[in-house]
Amino acid sequence: MWVTAFLVNAVLIGLAQRIPLLTPAGWVNAGILGTVLWGSLGWQGWSAVVAYLVLGSLVTKLGWAVKQQRGLEEGRGGRRGPENVWGSAAVGAGLALMVAGGLQPAKLLMIGFAASFAAKLADTFGSEIGQRWGRTTLLITTLQPVPAGTEGAISLEGTLASAVGSVVMSMVMLLFGLITTTSELLLISVVGLIATLAESLLGALAQHRINWLSNEAVNGIQTLFAALLAMALASGLHLA
């Protein structure tokens with residue numbers, strides 16, 4: 001499976017270089033990630049994360065002209081680099097390798113895997129849609145109005161978009177058989193939204209005070225929190 005994973009990803013990354021989703025270095029790192037996912041979880045795990053990448057990239061392009069006018073657009077024309085790839089997926093890749101290594105219970109690890117990507121897509125949906133269409137942007141710690149794009153800012157529209165993103169990613173995980181029940185889907189959907197709100201709280205409280213706490217580091221903390229919370233709740237509720 002690992003040889004197949006390497007060959008498939010090498011060919012596909014070579015063909016995909018011209019698609020404006022990632023930088024050249026981002027595509028190389030995506031190939032490494034794709035090899036890990038296919039080798040650990042088969043084509044299903046790989047496909048679910050490709051769906052995450054496509055959905056996240058598409059929502060980034062929504063309202064792009066307006067975001068440019070406001071100075072809120074993603075850098076590099078919305079293309080993700082290596083730091084974005086691993087900030088979003090390092091936790092999921094680690095859990096996938098644990099499953100491949102035979103660590104048990106595998107079902108619990110898969111719930112954590114699914115939750116990490118549900119949280120990240122929720123974050124992307126919330127920030128991209130909230131920055132463009134959020135009518136009133138509030139700081140999560142004080143609920144005082146702040147400019148769109150402020151660390152820790154939330155809006156009703158962005159929060160609703162986060163909920164949608166979490167549900168969509170959870171459904172993708174169910175579609176590919178990485179989770180198997182509606183109870184798991186509901187749990188992961190809720191955890192994805194909670195983790196996104198927690199990420200906003202972390203951004204408001206600490207990101208401007210701690211030099212090393214970059215957006216990518218915050219993404220890694222968010223996905224780790226989502227995975228741990230989902231696994232703890234699933235264990236407590238005897239879902240795995």
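Residue numbers start at 1 and run along the sequence shown.
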Q: Apply side chain to side chain contact (heavy atoms under 4.5 Å, CB included) to the pair Val191 and Ile111, showing each step before the final yes or no.
A: CA-CA 11 Å; Val191 166; Ile111 288 173; over 6 Å; no

Q) Under the side chain to side chain contact (heavy atoms under 4.5 Å, CB included) criterion, do Ile32 and Phe6 qualify, and how do the steps go? A) CA-CA 8 Å; Ile32 296 170; Phe6 175 78; over 6 Å; no

Q: Evaluate side chain to side chain contact (heavy atoms under 4.5 Å, CB included) for Phe117 paired with Val172, printing each intermediate quantity in order.
A: CA-CA 10 Å; Phe117 286 102; Val172 169; over 6 Å; no

**Q.** Stepwise side chain to side chain contact (heavy atoms under 4.5 Å, CB included) check, Asn215 with Glu151
**A.** CA-CA 10 Å; Asn215 286 334; Glu151 293 298 341; 3.4 Å; yes

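Here the side chains of Ile179 and Ile188 are in contact, with some heavy-atom distance below 4.5 Å. Looking at Val28 and Ile13, their side chains never come closer than 4.5 Å, going by heavy atoms from C-beta outward. When side chains are defined from C-beta on, Thr60 does not count as touching Phe125, because their heavy atoms never get closer than 4.5 Å. No side-chain heavy atom of Thr137 sits under 4.5 Å from any side-chain heavy atom of Ile154. Side-chain contact between Val168 and Val164 is present, with at least one heavy-atom pair separated by less than 4.5 Å. Between Leu41 and Met110, the closest side-chain pair of non-hydrogen atoms falls below 4.5 Å. Here the side chains of Trp2 and Trp38 are not in contact, with every heavy-atom distance at 4.5 Å or above. Counting heavy atoms from C-beta outward, Leu156 and Thr136 have side chains that stay 4.5 Å or more apart.
Counting only N and O atoms by type, the side chains of Tyr52 and Ser88 include a donor and acceptor under 3.5 Å apart. With hydrogens and angles left out, the side-chain atoms of Ser170 and Ser189 include a donor and acceptor closer than 3.5 Å.
A distance-only check finds a donor-acceptor pair linking the side chain of Ser116 to the backbone of Phe113 [under 3.5 Å]. In this structure a side-chain-to-backbone donor-acceptor pair under 3.5 Å is missing from Glu199 to Asn219. Looking at Thr181, its side chain does come within 3.5 Å of a backbone N or O of Glu184 through a donor-acceptor pair. A donor-acceptor contact shorter than 3.5 Å is absent between the side chain of Ser200 and the backbone of Gly152. Judged purely by atom type and a 3.5 angstrom limit, Ser127 uses its side chain to pair as donor or acceptor with the backbone of Thr124. Remark: side-chain polar atoms of Thr223 are paired, donor with acceptor, to backbone N or O of Gly220 under 3.5 angstrom. Remark: side-chain polar atoms of Asn84 are paired, donor with acceptor, to backbone N or O of Gly81 under 3.5 angstrom. With hydrogens and angles disregarded, a donor-acceptor distance shorter than 3.5 Å links the side chain of Thr196 to the backbone of Gly192.
The NZ atom of Lys120 sits 11.5 Å away from atom CG of Leu53, with the distance rounded to the nearest 0.5 Å. Atom CG in Leu178 sits 13.0 Å away from atom NZ in Lys107 (nearest 0.5 Å). Rounding to the nearest 0.5 angstrom, the gap separating the CG atom in Leu160 from the CD1 atom in Ile129 is 10.0 Å. Here the CG-CG distance, from Leu138 to Leu143, works out to 6.0 Å after rounding to the nearest 0.5 Å. Remark: Leu121 CG to Met173 CE distance equals 9.5 Å, nearest 0.5 Å. Here the straight-line distance linking atom CG of Asp123 with atom CD of Glu128 works out to 9.0 Å at 0.5 Å rounding.
By the rule that hydrophobic residues join a cluster once side-chain heavy atoms approach within less than 4.5 Å of another member, Val146 and Ile140 end up as members of separate clusters. Residues Val54 and Leu22 share a hydrophobic cluster, clusters being chains of Ile/Leu/Val/Met/Phe/Trp/Tyr side chains in contact below 4.5 Å. Side-chain heavy atoms closer than 4.5 Å link hydrophobic residues (I, L, V, M, F, W, Y) into clusters, and following such links, even through other members, never connects Leu97 to Leu95. Under a hydrophobic-cluster definition in which Ile, Leu, Val, Met, Phe, Trp and Tyr are linked whenever side-chain heavy atoms come within less than 4.5 Å, directly or via other members, Leu185 and Val49 are assigned to the same cluster. In the hydrophobic cluster analysis, where Ile, Leu, Val, Met, Phe, Trp and Tyr join through side-chain heavy atoms closer than 4.5 angstrom, Val36 is grouped apart from Val99.
Contact detail for Asn9 and Trp46: the closest heavy-atom pair is OD1-NE1, 2.8 Å. Contact detail for Ala234 and Leu108: the closest heavy-atom pair is CB-CD1, 3.8 Å. Of all the heavy atoms in Ala230 and Leu187, the pair that sits closest is O-CD2, 3.7 Å. Of all heavy-atom pairs spanning Ser183 and Leu239, the tightest one is CB-CD2, 4.0 Å. Residues Val85 and Leu33 come closest through the heavy atom pair CG1-CD2, 3.9 Å. Of all heavy-atom pairs between Ser155 and Gly130, the closest is OG-CA, 3.8 Å.
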